[in-house]
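To keep things clear, I will list the structure first and then write my remarks on it.
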Amino acid sequence: MFLLSGCNPPSTPAEDFPGVPTEADADVVDVDSGTDPAGDEVEMPSSEDGPVVVWWADGGQLALTISGSSTCPVVGEQIRVLEPAGEGNRVAIDLVEQPADQVCTMDFVPHTTLFWTPTTVTTTEPLVVEVADTEVTVPVK
């Protein structure tokens, strides 16, 4: 007897790094700023006004970019499915809490955390992401 089973990807970050992801990191997915019909590179939306979440790696990952101090970056800790596809397609991303007494520089730079896309959500419905007391809607891929 042969049994196949699918595995859920981990809820912890796949990667995190200073700055924003570039096309060299993964295939960029249309996020309304758009790939032009000639196939030129898509520009990441600015994270200066709050968290930015986009599909990444052909929808296999979600990229969360938030601006903050370079010495105390805002980093995603885990992703949780709140409502699966067909029932809301909603996730929450928890952030690493910084110690209250930590001294941070006053600069304002982006930091990105990549998460594997949970298997119970879909790229074919808008995905609502709750992060940092904000809701971000990631459009259909």
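Model, not experiment: these values are computed from the prediction.
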*Take Leu62 and Val54 through the test side chain to side chain contact (heavy atoms under 4.5 Å, CB included) and record every step on the way to the result.*
CA-CA 6 Å; Leu62 287 163; Val54 296; over 6 Å; no
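- In this structure a side-chain-to-backbone donor-acceptor pair under 3.5 Å is missing from Trp56 to Phe115.
- When all heavy atoms of Pro13 and Thr113 are compared, the pair lying nearest together is CB-CG2, 3.6 Å.
- Heavy-atom minimum distance, Gly76 versus Leu95: CA-CD2, 4.0 Å.
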*Would you check, one step at a time, whether the test side chain to side chain contact (heavy atoms under 4.5 Å, CB included) holds for Val52 with Leu64?*
CA-CA 6 Å; Val52 172; Leu64 164 68; over 6 Å; no
*side chain to side chain contact (heavy atoms under 4.5 Å, CB included) evaluation trace for Ile93 with Glu130*: CA-CA 6 Å; Ile93 296 178; Glu130 295 179 9; over 6 Å; no
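- Through chains of ILVMFWY side-chain contacts below 4.5 Å, Val96 is grouped with Val75.
- Considering Val129, Val131, Val74 in turn, Val131 is the only one that fulfils the side chain to side chain contact (heavy atoms under 4.5 Å, CB included) rule with Pro51.
- Pairing each heavy atom of Gly59 with each of Thr117, the nearest pair is O-OG1, 2.8 Å.
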*Can Phe17 and Leu114 be said to form a side chain to side chain contact (heavy atoms under 4.5 Å, CB included), step by step?*
CA-CA 9 Å; Phe17 51 88; Leu114 297 177; 4.0 Å; yes
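- At least one side-chain heavy atom of Ser67 sits less than 4.5 Å from a side-chain heavy atom of Pro110.
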Using atom types as modelled, flag every donor-acceptor pair under 3.5 Å from a side chain in residues 98-108 to any protein atom, sequence neighbours excluded.
unit_1	atom_1	unit_2	atom_2	d
Gln98	NE2	Pro73	O	2.9
Thr105	OG1	Ser69	OG	3.1
Thr105	OG1	Thr71	OG1	3.3
Thr105	OG1	Asp107	OD1	2.6
Asp107	OD1	Ser70	N	3.0
Asp107	OD1	Ser70	OG	3.4
Asp107	OD2	Ser70	OG	2.5

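- Tracing side-chain contacts under 4.5 Å through hydrophobic residues (I, L, V, M, F, W, Y), one never reaches Trp116 starting from Val81; they form parts of separate clusters.
- In terms of heavy atoms, Thr112 sits closest to Gly19 at OG1-O, 2.6 Å.
- Contact detail for Leu127 and Arg90: the closest heavy-atom pair is CD1-N, 4.1 Å.
- Here the options are Val138, Thr65, Val128, the test is side chain to side chain contact (heavy atoms under 4.5 Å, CB included), and the partner is Val53; only Val138 passes.
- Checking side-chain atoms of Thr134 against main-chain N and O of Ala132 turns up a donor-acceptor pair under 3.5 Å.
- When side chains are defined from C-beta on, Arg80 counts as touching Asp94, because their heavy atoms get closer than 4.5 Å.
- Put simply, the side chain of Asn89 gets close to the backbone of Glu125: a donor and an acceptor are under 3.5 Å apart.
- Taking all atoms of both residues into account, the shortest heavy-atom contact from Pro118 to Pro9 is CA-CG, 4.2 Å.
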